[in-house]
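Chain letters run A, B, ... following the sequence lines, proteins first and then strands; every chain starts at 1. Computed from a predicted model, the values in this text were never measured in an experiment.
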Amino acid sequence: MRLKRTVYIGELNKSFIGKEVTVSGWVLRRRDHGGVIFIDLRDRSDLLQVVFEEGIDPKVHEIADEIKIEYVISVKGKIRRRPLGMENPKISTGEIELVAEEVEILNTSKIPPFSLDEDISEVSEALRLKYRYLEMRSLGGLKPFIFRHKINQTIREFLDKRGFLEIETPFLTKSTPEGARDYLVPSRLYPGRFYALPQSPQLFKQILMVGGVDRYYQIVRCFRDEDLRADRQPEFTQLDLEMSFIEEKDIMEVVEELLSYLFEKILGKTLSTPFSKISYQEALRDYGTDRPDIRFDLKLREISSLAENTSFQVFRNALKQGGVVKGMKVSSIFSRRELEELTQISQELGAKGLAWIRYQKGASSFQERWSSPIVKFFEPSLLEKLEEVFDLNEESATLFFIADKEEVANFVLSELRKHLAQRLNLISENTFSFLWIVDFPLLEWDEKEERLVSVHHPFTHPKEEDLELLEREPLKVRSRAYDIVLNGVEIGGGSIRIHKRELQERIFKLLNISPLEAEEKFGFLLTALEYGAPPHGGIALGLDRLIMLMLGKKSIREVIAFPKTQKAQCLLTGAPSEVKVEQILELHLLPGWERKAMVR
RNA sequence: GGGGCUGUAGCUCAGCAAGGUUAGAGCGCCUGCCUGUCACGCAGGAGGCCGCGGGUUCAAGUCCCGUCAGCCCCGCCA
């Protein structure tokens with residue numbers, strides 16, 4: 001390399017006029033006029049017009065003639081004010097240009113498979129992933145990653161000030177039952193044995209608390225071998241933290257302060273704290289989901305007792321079968337066609353149908369206010385009650401009802417709620433509504449496995465006041481867990497942990513984990529709890545999701561440098577790939593390894 | 001494991017409902033011209049396994065079946 005860069009393009013401004021600089025980067029565009037050639041040169045920071053004039057040096061002009069798009073070049077020359085009327089207000093360096101005196105082609109480039117000049121987001125994602133480096137190189141292509149870098153730096157700065165220690169935990173660790181499917185790593189030295197990649201550093205951070213660390217955090221990769229979604233990748237990053245000698249509100253405060261600091265410093269947005277907090281039960285009752293988007297209202301209302309008094313068989317049958325009737329008011333009216341479409345959406349989500357009532361206040365008589373195929377099943381007094389329950393005081397509105405098992409009604413209405421909010425433009429863009437969900441049940445019944453399983457994880461502390469219910473009515477026990485939801489997306493969850501062996505053993509027993517298995521899988525934790533484990537708790541925030549939301553992206557793939565496709569492939573490298581037979585043999589993965597393992 | 005959308009030139013897409021001439025457009029690419037452009041312009045040109053396989057038909061980009069890939073979702077994700 002003959003010409004060494006002296007300055008980033010982004011640093012250039014009018015004060016450089018007359019000065020000699022060398023810039024290095026990639027050719028975005030060239031405009032060839034024969035005698036004069038313009039090249040828009042781009043580096044990580046910005047874009048600059050370089051001018052090659054024939055008169056200056058014929059050799060330089062000859063080289064400039066060969067330069068094509070995406071060639072890597074260094075150019076030395078003087079910064080000059082652009083001639084009057086030739087400024088380009090569209091680019092930040094539009095008042096100046098670089099007059100090339102020397103040029104060096106550092107590398108050529110094939111014609112890129114897609115234009116790096118236009119809006120890259122229009123290009124199919126598969127192609128962008130295969131050529132991720134080209135997408136990154138395009139104008140603004142690094143933005144999400146620069147943003148992410150700032151987030152990481154700011155998190156570290158904040159937590160360091162608060163006395164948190166960043167401590168790394170192993171990736172090659174132990175497979176644990178419960179939770180997601182593990183990624184396994186075969187052990188070469190121990191035939192038939194496997195490491196597992198961590199689903200989270202949960203147990204290690206608890207052990208760190210026993211170790212007296214007191215305040216721990218880590219920006220850490222986690223691995224879960226489950227199916228992918230727009231907000232789920234097999235490897236993802238958590239901001240994991242844990243504190244000793246604290247209660248729920250201490251964790252919530254730290255998180256609220258951290259998020260406020262991040263939003264203020266990086267987005268210039270002031271969050272109002274404390275964040276809203278509702279119980280799991282309220283969330284389900286009012287929104288039908290444990291991660292409601294509260295940027296808009298549209299609360300659900302249960303009208304089971306009212307529905308019982310109608311003569312509408314659909315409602316009555318649902319109730320007879322132990323179901324509920326829940327509804328939602330929308331301050332708009334819909335065409336028949338739209339209502340049919342909404343019904344179809346509801347059915348695709350699992351409802352048998354969607355009942356609706358159109359309400360128009362201005363109608364001449366009470367009866368005419370209500371129009372719906374089902375309104376004939378309602379006595380006037382019931383309609384009056386509906387008016388009350390749904391606080392009908394607008395000019396026109398539509399009520400939607402689902403009659404079904406509670407879970408179905410909740411699920412369908414919560415999805416319908418999101419759908420309608422979007423469709424009716426009820427979501428104000430660029431707002432960030434945080435919400436804590438608390439008082440989760442500790443346990444739930446798993447139909448398939450026919451046993452109790454943890455809602456959060458087996459190390460979650462039950463509420464003190466519910467402890468006596470543990471064995472008697474385990475499903476009524478609430479936990480000391482909390483989730484944090486941003487705009488309807490779960491961005492984190494945590495809990496106060498069990499710090500006494502005896503309670504931990506009781507929980508394992510409830511989960512149908514035998515003492516033997518508990519010892520085998522979690523013995524190291526149980527032992528640690530016996531040596532003076534302090535009360536502790538923590539939280540993990542899904543960093544990919546948080547950054548996605550902060551940037552207004554629809555998928556975490558947009559904020560991960562090299563993400564996997566929905567079928568868990570890396571289009572850049574081709575992983576997962578086949579390996580040599582030798583490697584498989586060495587890892588004892590061929591049939592028969594069990595026997596070898598037993599012989600050992 | 002299941003449901004939905006998509007797959008046509010290097011890229012973005014039209015054509016498919018209702019099968020029928022040589023499969024089009026914009027951008028990009030190639031050659032030439034051009035000393036003030038900035039998505040430069042002008043003239044000319046190249047470029048297609050219509051994802052893949054099978055079927056129906058005189059005839060398939062278009063209809064049917066299967067399959068693969070990308071995306072969205074359900075299940076799954078303590």
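Taking atom CD on Glu235(A) and atom P on rC77(B), their separation rounds to 20 Å, with Å as the unit. One atom, CD of Glu341(A), and another, C1' of rG4(B), lie 14 Å apart when rounded to the nearest Å. Put simply, CD1 on Ile111(A) is 13 Å from C1' on rU31(B), counting in whole angstrom units. One atom, CG of Asp446(A), and another, C1' of rG75(B), lie 13 Å apart when rounded to the nearest Å. Regarding Leu228(A), its CG atom lies at a distance of 13 Å from the C1' atom of rC72(B), rounded to whole Å. Look at OH on Tyr131(A): it is 16 Å from C1' on rG70(B), rounded to the nearest Å. Look at CZ on Phe411(A): it is 12 Å from C1' on rG3(B), rounded to the nearest Å. Rounded to an integer number of Å, the gap from CD of Glu449(A) to C1' of rC77(B) is 14 Å.
In this model, no side-chain donor or acceptor of Arg128(A) finds a partner on the base of rG70(B) within 3.5 Å. Between the side chain of Arg80(A) and the base of rG36(B) there is at least one donor-acceptor pair of N/O atoms closer than 3.5 Å. Below the 3.5 angstrom threshold, one finds a donor paired with an acceptor across the side chain of Glu97(A) and the base of rG36(B). A donor-acceptor contact under 3.5 angstrom links the side-chain atoms of Asp227(A) to the base of rG75(B). For rC77(B), the base has a donor-acceptor partner in the side chain of Arg232(A) [N/O atoms by modelled type, under 3.5 angstrom]. With hydrogens and angles left out, the side chain of Arg30(A) and the base of rC38(B) share no donor-acceptor pair within 3.5 Å.
OP1 or OP2 of rA39(B) lies within a sub-4.0 Å distance of a side-chain N or O belonging to Lys90(A). OP1 or OP2 of rC74(B) has at least one side-chain nitrogen or oxygen of Arg229(A) nearer than 4.0 Å.
Contacts of Ser454(A) with the nucleic acid, taken as non-hydrogen atoms under 4.0 Å apart, involve only primed sugar atoms and P, OP1 or OP2. Note on Asp225(A): nothing from the nucleic acid sits closer than 4.0 angstrom, heavy atoms only. Among the protein residues, Gln566(A) comes within range of the nucleic acid bases, having at least one heavy atom under 4.0 Å from a base atom. Base contact: Pro458(A) has a heavy atom under 4.0 Å from a base atom. Note on Lys68(A): only backbone sugar-phosphate atoms sit closer than 4.0 angstrom, heavy atoms only; bases stay farther off. As judged by a 4.0 angstrom heavy-atom cut-off over every strand, Leu129(A) is placed among residues making no nucleic acid contact.
Residues Gln49(A) and Arg31(A) bring a donor and an acceptor atom of their side chains to less than 3.5 Å of each other. With hydrogens and angles left out, the side-chain atoms of Asp231(A) and Ser555(A) include no donor and acceptor closer than 3.5 Å. Ser121(A) and Asp119(A) form a side-chain donor-acceptor contact under 3.5 Å, judged by distance and modelled atom types alone.
Pair assignment for rU56(B) gives none, since no Watson-Crick or G-U wobble pairing has each distance under 3.5 Å. Pairing for rU62(B) is absent, with no Watson-Crick or G-U wobble pair whose two atom distances lie under 3.5 Å. rG47(B) is unpaired under the criterion used here, namely a Watson-Crick or G-U wobble arrangement in which both key atom distances are under 3.5 Å. Across all strands shown, the partner of rG32(B) is rC42(B), judged by Watson-Crick or G-U wobble contacts whose two distances both fall under 3.5 Å.
Rounding to the nearest 0.5 Å gives a distance of 6.5 Å between CG of Leu541(A) and CD1 of Ile484(A).
Taking the six-membered ring for Trp and thresholds of 30 and 60 degrees, Tyr131(A) and Tyr133(A) have ring planes more than 60 degrees apart, a perpendicular arrangement. Ring geometry for Phe522(A) versus Phe508(A): interplanar angle under 30°, hence parallel rather than tilted (30 to 60°).
Between Pro462(A) and the options Ile496(A), Leu442(A), Leu443(A), a side chain to side chain contact (heavy atoms under 4.5 Å, CB included) holds for only Leu442(A).
Look at His33(A) and the base of rU37(B); the rings do not stack under the cut-offs of 5.5 Å between centres and 30° between planes.
With distances taken from any side-chain atom of Arg29(A) to the nucleotides rC72(B), rC38(B), rC77(B), the minimum falls on rC38(B).
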